[in-house]
Amino acid sequence: MGSNPILSATKYKNMKTYHVSTVGCQMNVSDSERLSSGLDNLGMEHNESIESDLVVINTCVVRQTAEDTATGLLGRLKKEKEKNPTMMICVMGCMVGPKTNELERRFPQVDIWAAPQKFEKILEPVSKIVNDESLDGCLPELIPIQPKIASFVPIIHGCNKFCSFCIIPYRRGREISKPISEIVFEVEKLVRRGVKEVTLLGQNVDSYGHDLPQKTDLGDLLYEINKIENLLRLRFLTSHPNDMSTKIISSIRDLSKVCETINLPFQAGDNEVLQNMRRGYSREEYLQKVNEIRELIPNVSITTDLIIGFPGETDAQFDQSIDLVKKIKFDKVHASIYSDRPGTIASRKMGDDVTREQKKTRMAKLVEVQKKICTELNLKFQDTTQQILIENVTDQGFSGRSRLDKLVYVNGDNISIGDFVEVKIVETRTWTLTGEVKNFLNNESQGQLVEY
């Protein structure tokens, strides 16, 4: 059938159920939610099983492990399609580049290939099949109908940085920002549907607005969203040190709904490695930015991203990363082992010369250092009072996050997802906290407590 199922619509005329599997980052999670909303609006029924009429895999290829997960799912789906030839399989996300010839050869079981945010590639043929009509460029509403209490809102797609290790600019393209009015409208609609916390997303969220005709930036957007009634909390990620301006930092400090949490990837602690990564800043400049943040927002939680085993990185250079982790004492470090990404500058020019054993040894060293830091930081929360938005229920009970993005398991009676509660922290651990409910709060209580 190739990539045009409309030509064989009769084969899929009984299509009723769909399943979406998501691999990768928060942006992919958001894209999957929006695609699901579009499929719901076309009259299809969500199914938790891959044994569905329509199966979509939203892929990530930032790291080899993510790509392996996607290809493993495609292998399972090949067997499912042999049992059910009328199943339609779609692949979207960062696995899909401008050309799909090689992908079509490797995965002939796939019916549709859709690049990131190209929802119409899937929704158009599905509408033709299930409703016997074309969308004619008018997509169904993609804002989730039943969103989570804490939801993601993409505000800028693509990236202009072209770091040497990153495939994202080649898959998601150059930066394109949504207008402020469009974002505010979407957040207002989500809040009316029950959302209490929003995280604004971008591959480089601090670049927001740089491509818009008006002189605007992320700080301006935060001020506008902060005005929305019944929204409790506002977060954003992921940031780039070069675009984290004083204006943005000040808006975090000054706006009551914006949480004092900043994800600021440093990726490497050695200047030569940073230069090879094409990050555009030095170790010293990164430290200066962190100092500025902490001077303006003393009660701030800073998390980061770090790549282990970048091409050419020596043990001594990696120790510079460990030294930076110890100096800054991040609340969380998202560390990943470098994997070669064909098409990137690093893949074309640098190879992958750090052994797997070296990478694993370095990762273990980092984990031990960060475990000690997190344990010490979390001890400061013992016996403090925190405001928690209940987001999930698990085998360990209800859980939610504080303003500083600490995961807190909550004990108490009559708790429900969506509750905004005041808890006393009774136990601290390396990665999580436990608290007992003292009060149920209303929206106006937000921001009245100092966390530590």
Pair S207-D243, side-chain donor/acceptor within less than 3.5 Å: yes
Residue pairs passing the salt bridge (Lys or Arg N to Asp or Glu O under 4.0 Å) test where at least one lies in residues 301-324, sequence neighbours excluded: R283-D323, E313-R362, D315-R362, D319-K365, D323-K327
V408 side chain reached by Q386 side chain, heavy atoms, under 4.5 Å: no
Parallel, tilted or perpendicular: rings of Y286 and F330 (30°, 60°): tilted
S301 side chain vs T261 backbone, donor-acceptor pair below 3.5 Å: no
Check: K247 side chain, G219 main-chain N or O, donor-acceptor pair, under 3.5 Å: no
S282 side-chain N/O to E285 backbone N/O, donor-acceptor pair under 3.5 Å: yes
For E224, salt bridge (charged side-chain N to carboxylate O under 4.0 Å, His left out) partners two or more places apart: K227
Main-chain N/O of L123 paired with S127 side-chain donor or acceptor, under 3.5 Å: no
Residues E67 and R171 bridged, charged N to O under 4.0 Å: no
Separation of D353 CG from Q358 CD (nearest 0.5 Å): 8.5 Å
Between D31 and N58, a side-chain donor and acceptor under 3.5 Å: no
Ring centroid separation F236 to Y208 under 6.0 Å: no
Non-neighbouring partners of E260 that pass salt bridge (charged side-chain N to carboxylate O under 4.0 Å, His left out), sequence neighbours left out: R403
Donor on one side chain, acceptor on other, E391 and S399, under 3.5 Å: no
N-O pairing of K359 and D352 below 4.0 Å: yes
Any R193 side-chain heavy atom under 4.5 Å of P144 side chain: no
